[in-house]
There are 2 protein chains.
Amino acid sequence: MTIRKRPYHHGDLRAALLDEATRMIAEEGTESVTMRAIGRRLDVSRSAAYRHFPNKEALLVAVATQGFTRLHALLQAIDVAGADSDVAQLRQMGETYLRFAVENPARYRLMYGNEALKRERYPQLQSAANGLLEELVQIIMSYQRAGAIKNHDARSLAYVAWSAVHGLASLVIDGQMQAPHDLDALTRLTTQTLIEGMKS
Amino acid sequence: MTIRKRPYHHGDLRAALLDEATRMIAEEGTESVTMRAIGRRLDVSRSAAYRHFPNKEALLVAVATQGFTRLHALLQAIDVAGADSDVAQLRQMGETYLRFAVENPARYRLMYGNEALKRERYPQLQSAANGLLEELVQIIMSYQRAGAIKNHDARSLAYVAWSAVHGLASLVIDGQMQAPHDLDALTRLTTQTLIEGMKS
DNA sequence: TGCAAAAGTTGACGTTGTCAACATAGCACA
DNA sequence: TGTGCTATGTTGACAACGTCAACTTTTGCA
């Protein structure tokens, strides 16, 4: 007749771990994520997580991978909805991308910024990130067909565009901007500069 | 009559710590840097470093700061030497920047990519990074005077340019490029796109 | 019904960052 | 020349961490 607050088995610990890790990263930064702390917060033992992830790095990589997937979904939503004007879509993608980074700085930093080798060791992460790139390549190509962008290798142009937006995101969340510079204006300037530069 | 391999006092441990940390970062990545390991390599006790840096973070920040200073110096050297053609200088800056990042990936990642707050807590790091930006702002302004770049707020344009180059550097050292894409070509494409986009 | 596999717990180990207490060296000043 | 202050380096200790091995509890299926 003992009342169990919590059953021995959690139900879906794997998902809970991902959620909690994501929350901790958002609230206290990636450094605060500890296998033991995460266990405490989920009222689970310190090594329970090892039944679902081989080690801490794998858990963090999973959070990063999920981040790429979410960001990709956000960008795809635009693709469908806002086929409005010629350049509006690219501009909107830039804004969405930036907003994601600013709203999830620590997670964004986790998505990039980690040891280069990691990509090779975690194919899921690699492919989630690549999904983003392919999306962009497709859009560049459609602009090229429409004659809005010069006929250069689409993948290279995609890298250039991605670089610009990613770089801006990094500088912003790194606090590299002096005053609280108007982010929206800067985003517009960046996308506009890109579009202009890719025309000729 | 005991022969002392090493005097009790090191002489310039602070500089040696910086050097050794930089070396370890280059050779084995930032994660390999350990107060204890660094002590071992310098044949010094594990907590000797605490006489020169309040903690490990401060030591790493010092390495990052030195990185900004070095990169800044590299860019300034161009400023003086290659006042050759109109756009050649900007192009060359981009190439130099990229080369630095590719040759010092772990250190470059350390320079950016860390907790946003850090900048606020380490004014030296902040100002070293700002030095880089100011350099770029000056160059943009000189191009504006020469009529090669549109008359928009120079600081904003500098952010855009910096973003693009920094973003490219990040993607490259993160292994985000698929095949061993021709980095030089991509660098040229990036700088050219920027210059074109900033004209009108 | 029984039993193997999945999921969770506990104990233990080595490593880490860091502090306090101590040891030594160098330097300024009598 | 000696004397003591301060900078510098060492050692012992501690708590937190990641992770493994051995154990326990459930669950699901033959």
Side-chain angles (χ1 to χ4, degrees), chain A residues 1-22 24-25 27-64 106 110 114-115 117-118 121-122, chain B residues 1-22 24-25 27-64 106 110 114-115 117-118 121-122:
Chain A
M1 274 294 133
T2 29
I3 297 176
R4 270 242 171 62
K5 281 184 191 171
R6 193 179 46 89
Y8 192 86
H9 283 254
H10 179 283
D12 193 359
L13 184 55
R14 193 195 145 85
L17 287 166
L18 268 173
D19 274 12
E20 198 62 32
T22 304
M24 292 174 76
I25 287 170
E27 289 171 3
E28 313 271 355
T30 305
E31 308 237 319
S32 79
V33 177
T34 278
M35 294 306 249
R36 300 167 110 102
I38 219 173
R40 259 174 262 139
R41 289 174 65 138
L42 290 178
D43 197 19
V44 115
S45 90
R46 65 190 180 286
S47 52
Y50 287 89
R51 298 293 151 187
H52 303 276
F53 298 93
N55 51 41
K56 181 182 172 182
E57 187 182 76
L59 171 56
L60 291 180
V61 166
V63 173
L110 185 64
N114 274 286
E115 306 308 322
L117 309 166
K118 212 174 269 184
R121 270 181 293 148
Y122 294 93
Chain B
M1 273 293 136
T2 28
I3 295 175
R4 271 241 171 61
K5 282 184 192 172
R6 194 181 45 88
Y8 192 87
H9 284 255
H10 180 282
D12 193 358
L13 184 55
R14 193 195 145 85
L17 287 165
L18 269 172
D19 275 12
E20 198 61 33
T22 303
M24 291 174 77
I25 288 169
E27 289 171 1
E28 312 272 355
T30 305
E31 310 238 317
S32 78
V33 177
T34 279
M35 295 305 248
R36 301 167 109 102
I38 219 174
R40 258 174 263 138
R41 289 174 65 138
L42 290 177
D43 196 19
V44 117
S45 92
R46 64 191 181 283
S47 51
Y50 288 88
R51 298 293 152 188
H52 303 275
F53 298 94
N55 51 41
K56 181 182 172 180
E57 185 182 79
L59 171 56
L60 291 179
V61 166
V63 173
L110 184 66
N114 274 285
E115 306 308 320
L117 309 166
K118 211 172 270 186
R121 270 180 293 148
Y122 294 94

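Just so we're on the same page: letters track the sequence lines, and every chain starts at 1.
In this structure, B/Arg14 and B/Asp12 have side chains that are in contact, with non-hydrogen atoms separated by less than 4.5 Å. Looking at heavy atoms from C-beta onward, B/Ile38 lies in side-chain contact with B/Leu59 at the 4.5 angstrom threshold.
Put simply, the side chain of A/Arg51 and the base of C/dT9 share a donor and an acceptor less than 3.5 Å apart.
One distance of note links CZ of B/Arg51 with CG of B/Leu13; it measures 11.5 Å at 0.5 Å rounding.
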Inset, instruction - Give the B/S/- string for nucleotides 13-18 of chain C, one per nucleotide from 5' to 3', where a protein heavy atom under 4.0 Å of the base yields B, of only the sugar-phosphate yields S, and otherwise -. - result: ---BBB

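For B/His52, a side-chain nitrogen or oxygen approaches OP1 or OP2 of D/dG9 to under 4.0 Å.
The CG atom of B/Asp12 sits 14 Å away from the C1' atom of D/dA7 (whole-angstrom rounding). Residue A/Phe53 contributes atom CZ, which lies 15 Å from atom C1' of C/dG8 at whole-angstrom precision.
Closest non-hydrogen pair, A/Asn55 versus A/Met35, comes out as C-CE, 4.0 Å.
For A/Glu31 and B/Lys56, the salt-bridge test fails: no basic side-chain N is under 4.0 Å from an acidic carboxylate O.
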Inset, instruction - Decide yes or no on salt bridge (charged side-chain N to carboxylate O under 4.0 Å, His left out) for B/Arg41 and B/Glu27, but give the supporting numbers first. - result: CA-CA 13 Å; B/Arg41 289 174 65 138; B/Glu27 289 171 1; 3.4 Å; yes

